[in-house]
Visitor: 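What follows is a single structure, and I will ask about it in a moment.
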2 protein chains.
Amino acid sequence: MIKLKRRSDCPVSFALDIFGDKWTFLIVRDLMFKGKHYYGEFLNGGEKIATNILADKLAMLEHSGVIVKSVDPNHASKIIYKLSKKGIDLLPLMVEIIMWSAKHDIHTAAEIKFIKRVKKDREGILKEISGKLKAELKE
Amino acid sequence: MIKLKRRSDCPVSFALDIFGDKWTFLIVRDLMFKGKHYYGEFLNGGEKIATNILADKLAMLEHSGVIVKSVDPNHASKIIYKLSKKGIDLLPLMVEIIMWSAKHDIHTAAEIKFIKRVKKDREGILKEISGKLKAELKE
DNA sequence: TAAACCACTTGTTATTTGCAAGTAGTTAAA
DNA sequence: TTTAACTACTTGCAAATAACAAGTGGTTTA
């Protein structure tokens, strides 16, 4: 059930129409930083998403052009999910989310090494990660 | 009714526990870019939020330390909402949202001047806007 | 001193989420 | 070659959340 209603032309509203829920961005996080590519891997993430929600969000993300689906060449019953170019473009936004939470959450699990690296060399780490994701996309 | 359940220590999850809905970030947008400070001003935003949702989200944002409430000194029945320091720290994240949507939404209302300015002088515009918001906070 | 303003609250209904169980195609093991 | 396990979902139902409409109780303006 894919439902995307456009509330206004405001760029903030546009993004929230796609990502404005508790789960969608966690799927993007798993694709972006945790090397996850399969339905079953997303299910076993740290936050226990329900199967129907996961299926709905994956369908919505594909419909929005943020992820792409393909069949695993070595395993016809497995489906590979990857971030599209549009999805990879979410990287700077994701990094800023992490930076904000790392600063304001006492119990954050954010890696200190990562935070320091972003502070010192933001452009470098963005290029490094997006390069890796673009390579994955072409596989 | 303020309900904030922590799902994990992941920084992405932490931010989504606060902002993972369709409305909260639009309130932050209004405070950050549209110079809005009153309940009635948020209600008349472009997207028509319901009164109870607005009240709930404002209470939650205050509880989370993202905004601060005060009584208008010239008008005892009016309440002024402002971004706290923690709220102002959301600026880079907000800017990245706008940049992503401006790039990927054909019908975006994002201002071209703003987009160009961010591309050319990200640090400069961040300082400019956060400086203005910090000044407002001290008023 | 009455009407309008302002920031909410309170019901009620509609929609979304969460949980448990089930299904259909694919692969691995006996 | 049959069977059990795996994988990606779907379905049904209960619970939680959001949306809509109306009302409330102080404050200010005329």
Side-chain angles (χ1 to χ4, degrees), chain A residues 1-8 13 16-27 30-31 35-64 67-82, chain B residues 1-8 13 16-28 30-31 34-64 67-82:
Chain A
M1 196 205 315
I2 300 164
K3 209 180 288 178
L4 270 181
K5 57 178 168 184
R6 189 183 184 87
R7 291 177 294 174
S8 80
S13 162
L16 289 175
D17 287 343
I18 300 175
F19 300 104
D21 71 273
K22 300 255 181 261
W23 294 110
T24 303
F25 229 69
L26 293 181
I27 298 171
D30 286 351
L31 283 160
K36 296 187 178 179
H37 294 286
Y38 300 100
Y39 186 94
E41 291 180 315
F42 300 127
L43 271 187
N44 302 325
E47 293 92 359
K48 301 294 167 197
I49 187 170
T51 56
N52 56 342
I53 312 268
L54 177 57
D56 283 359
K57 299 306 179 190
L58 286 171
M60 184 273 290
L61 282 171
E62 192 196 9
H63 181 255
S64 303
I67 63 175
V68 289
K69 281 174 81 165
S70 55
V71 177
D72 190 330
N74 310 317
H75 207 285
S77 75
K78 292 179 89 173
I79 289 175
I80 302 178
Y81 295 94
K82 290 177 185 170
Chain B
M1 197 202 318
I2 299 164
K3 210 180 288 178
L4 270 181
K5 57 177 168 187
R6 189 183 185 87
R7 291 176 295 175
S8 80
S13 162
L16 289 175
D17 287 343
I18 300 175
F19 300 104
D21 70 272
K22 299 255 181 261
W23 294 110
T24 303
F25 229 69
L26 294 182
I27 298 171
V28 175
D30 286 351
L31 283 160
K34 308 211 169 182
K36 296 188 180 180
H37 295 286
Y38 300 101
Y39 187 94
E41 291 180 316
F42 301 127
L43 271 187
N44 301 326
E47 294 91 359
K48 301 294 168 198
I49 188 170
T51 56
N52 57 341
I53 312 268
L54 176 57
D56 283 358
K57 299 306 179 190
L58 285 171
M60 184 272 290
L61 282 171
E62 191 196 9
H63 181 255
S64 303
I67 64 175
V68 289
K69 280 174 83 165
S70 55
V71 176
D72 190 330
N74 310 318
H75 208 286
S77 75
K78 291 179 90 173
I79 290 175
I80 302 178
Y81 295 95
K82 291 176 185 171

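Throughout, protein chains are lettered first and strands after them, A, B, ... in sequence-line order, and every chain is numbered starting at 1.
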Visitor: Between B:E47 (CD) and D:dA18 (C1'), how many Å, whole number?
Guide: 16 Å
Visitor: To the nearest angstrom, how far is B:Y38 atom OH from C:dA7 atom C1'?
Guide: 13 Å
Visitor: Side chain of B:Y39, backbone of B:T51: donor and acceptor closer than 3.5 Å?
Guide: yes
Visitor: When you measure from the side chain of A:A50, which nucleotide among C:dC8, C:dC19, D:dA8 comes out closest?
Guide: C:dC19
Visitor: Looking only at heavy atoms, which two atoms of B:P73 and B:I80 are closest? And how far apart?
Guide: CD-CD1, 4.2 Å
Visitor: Take A:T51 and B:S77, find for each the nucleotide of DNA chain C with the closest heavy atom, and name the residue whose nucleotide sits nearer the 5' end.
Guide: B:S77
Visitor: In whole angstrom, give the distance that lies between atom CG of B:D56 and atom P of C:dT10.
Guide: 11 Å
Visitor: Just to confirm, is there a sub-4.0 Å distance from OP1 or OP2 of D:dA18 to any side-chain nitrogen or oxygen of B:K57?
Guide: yes
Visitor: What is the distance, rounded to the nearest whole Å, between atom CG of B:D72 and atom P of D:dT27?
Guide: 14 Å
Visitor: Over all heavy atoms of both residues, which pair between B:R6 and B:D17 is shortest? Give the atoms and the distance, please.
Guide: CA-OD2, 3.5 Å
Visitor: Taking B:W23 as the fixed residue, which of B:L54, B:D56, B:I49, B:V28 is the one that meets the side chain to side chain contact (heavy atoms under 4.5 Å, CB included) rule?
Guide: B:I49
Visitor: Between A:N52 and A:I79, which is nearer to the 5' end of DNA chain D once each is assigned its nearest nucleotide?
Guide: A:I79
Visitor: What nucleotide, of D:dA19, C:dA7, C:dT17, holds the atom closest to the side chain of A:D21?
Guide: C:dT17
Visitor: Which nucleotide in the set C:dC6, D:dT7, D:dG12 lies at the smallest distance from any side-chain heavy atom of A:H75?
Guide: D:dT7
Visitor: Does the side chain of B:W23 get closer than 4.0 angstrom to OP1 or OP2 of D:dA19 through an N or O atom?
Guide: yes
Visitor: Could you check which of C:dC6, D:dT27, D:dA19 has an atom nearest any side-chain atom of B:A76?
Guide: D:dT27
Visitor: Between the side chain of A:R7 and the main-chain N/O of A:L16, is any donor-acceptor distance below 3.5 Å?
Guide: no
Visitor: Within this structure, what is the CZ-to-P distance between B:F42 and C:dC6, rounded to whole angstrom?
Guide: 14 Å
Visitor: Assign A:K69 to base, sugar-phosphate, or nothing according to its heavy-atom contacts below 4.0 angstrom with the strands shown.
Guide: sugar-phosphate
Visitor: What integer distance in Å separates B:K22:NZ from C:dT17:C1'?
Guide: 13 Å
Visitor: In whole angstrom, give the distance that lies between atom CD1 of A:I27 and atom P of D:dC9.
Guide: 12 Å
Visitor: From C:dC8, D:dT27, D:dA8, pick the nucleotide closest to the side chain of B:Y39?
Guide: C:dC8
Visitor: Would you kindly give the NZ-to-C1' distance between B:K5 and D:dA15, to the nearest whole Å?
Guide: 11 Å
